[in-house]
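Below, chains carry the letters A, B, ... as their sequence lines are ordered, and counting in each starts from 1. Worth knowing before you read on, the calculation uses all heavy atoms, side chains too, and leaves out hydrogens, waters and symmetry mates.
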Amino acid sequence: MIGIDKNITLAYGNGGRLMHELIDMLRSKFSNKILNELSDAAEFKVNSTRLAFSTDSFVVKPLFFPGGDIGKLAVCGTVNDISMKGATPLFISLAFIIEEGLEFSILERITSSIKQSAAKAGVLVVTGDVKVVEKGAADKIFINTAGIGVIKKYSLGTKAKPDDVIIINGPIAEHGMAILNARENLGFLSTIKSDCRNLNFEVKRCLKASKNISVMRDPTRGGLATSLNEIAYSSNLGIEVYEKSIPVRANVRKLCDVLGFDPMYVANEGKFICFVKEKDAMKVKHAIGKGTRIIGKVTSSHKGEVYLKTQIGASRILPMLEADQLPRIC
Amino acid sequence: MKEDKIKLMEVCGTHTMAIARAGIKKLLPSEIELISGPGCPVCVTSQADIDRAIEISRIDNVIITTFGDMMRVPGTKTSFEDMKRDGADIRVVYSPLDALTISEDNPQKRVVFMGVGFETTSPTVAATIIEARKRGLRNFFVLSNFKVLFPALEALAGSSKLKVDGFICPGHVSVVTGTIPYAKIASHYKKPCVITGFDEIDIVKGIKRLVEQIKSHRCTTEIEYRRAVTEDGNIEARRVLDSVFDVKDSHWRGLGMIKESGLKLKNKYRQFDAEKEFKVKLPKAILPKGCICGEVLQGIKGPRDCKLFGKVCTPRKPVGPCMVSSEGTCAAYYRYGE
Amino acid sequence: MCLAVPAKVKSIEKNMAVVDFGGVYKRISLGILSDVKQNDYVLVHAGFAIGKVKQKEAEDTLKVLKELKDVLKDERR
């Protein structure tokens, strides 16, 4: 039981504050040095090789959406979690929980997508599992993947350093808005696509360009605002970001406006933020390539908090996602 | 010199949100104080009205359709979000017309639209009801919890407790109503009114025009949002509204009963009236202890004056209505650290 | 209290119109605003056109903030 809640509600899975409380409750149960890092991937040594290990489950609805599908997500999600540790992903596992009645043709489409995505990311599916459950016990298909990567250059932690510059590799909020429009039958037509893709090669280029990267994070559930808060909190430092510099595609911003969403809290699946020493910022920016922006910096004031410099130059707090956003008219 | 402060009330919750999101208060001269008003239809929906909708959602073969705004609003015991988790069929729609589609797709079920909103929203639902009749739908119903803004605004303007020097008036309500309903507030209650839009520039220009009026001792209604608002408003929308709804006395959360400040379906449309279709027993409404939303909605107190604020009362588990709606005063303060 | 976003009318069919918010398209109702032509800009709220709207001119918020301060100063003199 957390606070006043007796039951686990959906808010415990939305990437926001309550999910962090739940994760912390679970972590304390299994407390150990590796786990307590609470990094996207665990880091440990076997003999003299440093490895990164991560797992993730995928329950997206709908299964197919503009720009991707549950299979592509399942590969990219785990590949990216390993990459955020600074590791090169090598092998992944693949487990399906299938609800009885699922058409073989759908499974075929998903597995083809997994095959393609794994090839693109340069990882091998080396072990797997299938369970079939009765109708209602799952929603069509759930996928779990785990992955192992090897740390070649240097590993990334969860703590930023004072005066680090924050870089993002492209426009935010695309995945969340693409999924929402497809799921809720809201009837908006657009070319908005999920940004779902593997980030391991971009990360590799960053690590090659600079030895002074402290943290990388892919802002998935809870959006950019939530990831920034996680890092401010774990570093016990402040973060300042500039609204003007945060890239959002025009059509994504419009759909956010129409539905009353704040893009800072909408999920991404192909974006990462990189905290790097100021002198290397431009090198890293160029290493990632087109669309990359410097969006803010780490400060020694406002420890544990994120501040947003708004378009008109006012500074206000940017908290973690509190409650899932819903389409609204007010 | 505190008495010298110019106090302006932004009536509309969308203004409250825009002001907080852009950080406008931090850039305003210190002589100007902004107070948030009652202009959030979700916040002012009475607890009994929410309880009624929740009781209806318990009935078998009923689908509740609602704007996302209403999902977390607490009734006496529970909210739509809680009911949905427990299995009730509650669906978020973008438009009331989406509820008609759901009715057509589920002929064996009764579909109820939770109607909340001010003059901007109520005409869209009136048009939806006319459309439902045209399509011959017999399983579509509306819970009419619509509010009419001006009686409440008058009550505020006339309140001796409230010290406000002028009103920043809601742009999108005014698109429909035009300027005429503001006349009494400006001339009788001597409060300058400036109607404005929702971009930072609109809001700051609106504030500037209010200050100009106050400094030159004028009390008139001005439109800063010319690109959308005309003196006459949307006559067609009001005609559609008047053909479907009559005014009724209505209870506002925090403000109490206000004469002719609500809407009910006209007799000729009673077949769509959810209140007539579903006779439900309401739990005894218990207002949350310690909550000062009533005073916050009137601009007498601020969120920071509330003992529950940010502790027991947060956007996810809101106690009072001002925390519920993302545009509620307390939610804006919580989210943007005003 | 009411989110409404401007959109350009692309096509009209009876009392419905397809509008463009700027790369995002939606079929909306003209049930409470029927005097609408192709290429008009309308404000859209809850799937309905609620009023016509003109294009916004670009203006500088900080400049207006400064003017506001001047208004306050002038009067104090």
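- Minimum interatomic distance between A/Ser190 and C/Gly23 (heavy atoms only, all atoms of both residues): CB-O, 3.2 Å.
- Heavy-atom proximity under 4.5 angstrom to chain A picks out nothing from residues 28-39 of chain C.
- If you measure heavy-atom distances from A/Leu186 to chain C, the contacts under 4.5 Å come from the backbone alone.
- Surrounding CD of C/Glu59 are more than 12 heavy atoms belonging to other residues, nucleotides or ligands, all under 6.0 Å away.
- Residue C/Leu62 comes nearest to A/Ile312 through the heavy atom pair CD2-O, 3.4 Å, listed as atom of the first residue, atom of the second, then distance.
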Mind listing the side-chain donor-acceptor pairs of residues 242-252 of chain A below 3.5 Å, one per line with the distance, residues two or more places apart or on another chain?
residue  : atom : partner  : partner atom : Å
A/Glu243 : OE1  : A/Gln311 : N            : 2.8
A/Arg249 : NE   : A/Glu174 : OE2          : 2.5
A/Arg249 : NH2  : A/Glu174 : OE2          : 3.4
A/Asn251 : ND2  : A/Thr191 : OG1          : 3.3

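- Closest of all the heavy-atom pairs between C/His45 and A/Ile329 is CE1-O, 3.5 Å.
- The local environment of NZ in A/Lys303 is crowded, with over 12 non-hydrogen atoms from other residues, nucleotides or ligands closer than 6.0 Å.
- Around atom CD of A/Gln116, no more than 12 heavy atoms belonging to other residues, nucleotides or ligands sit under 6.0 Å away.
- C/Lys66 pairs by the salt bridge (charged side-chain N to carboxylate O under 4.0 Å, His left out) definition with C/Asp70, not counting sequence neighbours.
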Donor-acceptor pairs under 3.5 angstrom involving side-chain atoms of residues 11-19 of chain C: please list them, not counting sequence neighbours.
none

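- No side-chain heavy atom of C/Val44 sits under 4.5 Å from any side-chain heavy atom of A/Val258.
- Here the closest heavy-atom approach between residue A/Lys254 and residue C/Phe21 is recorded as CD-O, 2.9 Å.
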